[in-house]
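Shown next, in structure tokens, is the structure this report addresses.
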Amino acid sequence: MIIACIVAAFAEQKIAIGGLTQIANRLRALSELRDRTQGKIDFLEEALRGIRVFLVVKWGLLKGKTQIVGSLLVSEKATPTMEFFSAFRSAEEIYVHGKWVTVPIKKFDVVSITECLKALGPAET
């Protein structure tokens, strides 16, 4: 439900179905981050407590198509201001076919996960 809420916020920005699918896949991958860090990073918990958490999606031209080339969860609590601004670099290095490639960023989309969760209403206990 949370992923659907966040994807809906991106859909309002007129992102194509393929892009929305990529965002949903990225969110699932980012949610696994908590498992790999033994719960030390829990952006969802922070968002539920009202701490501002954002998903930044970076789009670049790759293989002749505009695609997601990076995504980042940013929390006002855990992320120093300079790190937040560094999320908006003009290029992203990604690993493609066995080598690192620098892809220019064409645009950024940012959605507040905190606001999405507020829109869902109070959590049931």
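Owing to the predicted nature of the structure, the values given are computational and were not obtained by experimental measurement.
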Minimum heavy-atom distance between Cys116 and Ala9, given as atom pair plus value:
SG-CB, 3.9 Å
Write down the atom of Pro104, the atom of Thr102, and the distance for their closest heavy-atom approach.
CD-O, 3.9 Å
Under 4.5 Å between any side-chain heavy atoms of [X] and [Y], yes or no?
X: Gln13; Y: Val111; result: yes
X: Gln22; Y: Asn25; result: no
X: Asp109; Y: Ile23; result: no

When rounded to the nearest 0.5 angstrom, what distance separates [atom1] in [X] from [atom2] in [Y]?
X: Ile3; Y: Leu20; atom1: CD1; atom2: CG; value: 13.0 Å
X: Phe54; Y: Leu72; atom1: CZ; atom2: CG; value: 12.0 Å
X: Glu92; Y: Ser71; atom1: CD; atom2: OG; value: 8.5 Å
X: Leu62; Y: Ile68; atom1: CG; atom2: CD1; value: 11.5 Å

N/O donor-acceptor pair under 3.5 Å between Glu46 side chain and Ile51 backbone
no
Counting N and O atoms only, with roles assigned by atom type, does the side chain of Ser75 sit under 3.5 Å from a partner on the main chain of Val53, one being a donor and the other an acceptor?
no
Do the side chains of Leu61 and Phe108 join up, straight or via other hydrophobic residues, at under 4.5 Å, putting them in one cluster?
no
Do we get Lys107 above Trp59's six-membered ring, with its NZ or CZ under 6.0 Å from the centre and within 45° of the axis?
yes
Tell me whether the count of non-hydrogen atoms from other residues, nucleotides or ligands lying under 6.0 Å of CZ in Arg49 goes above 12.
yes
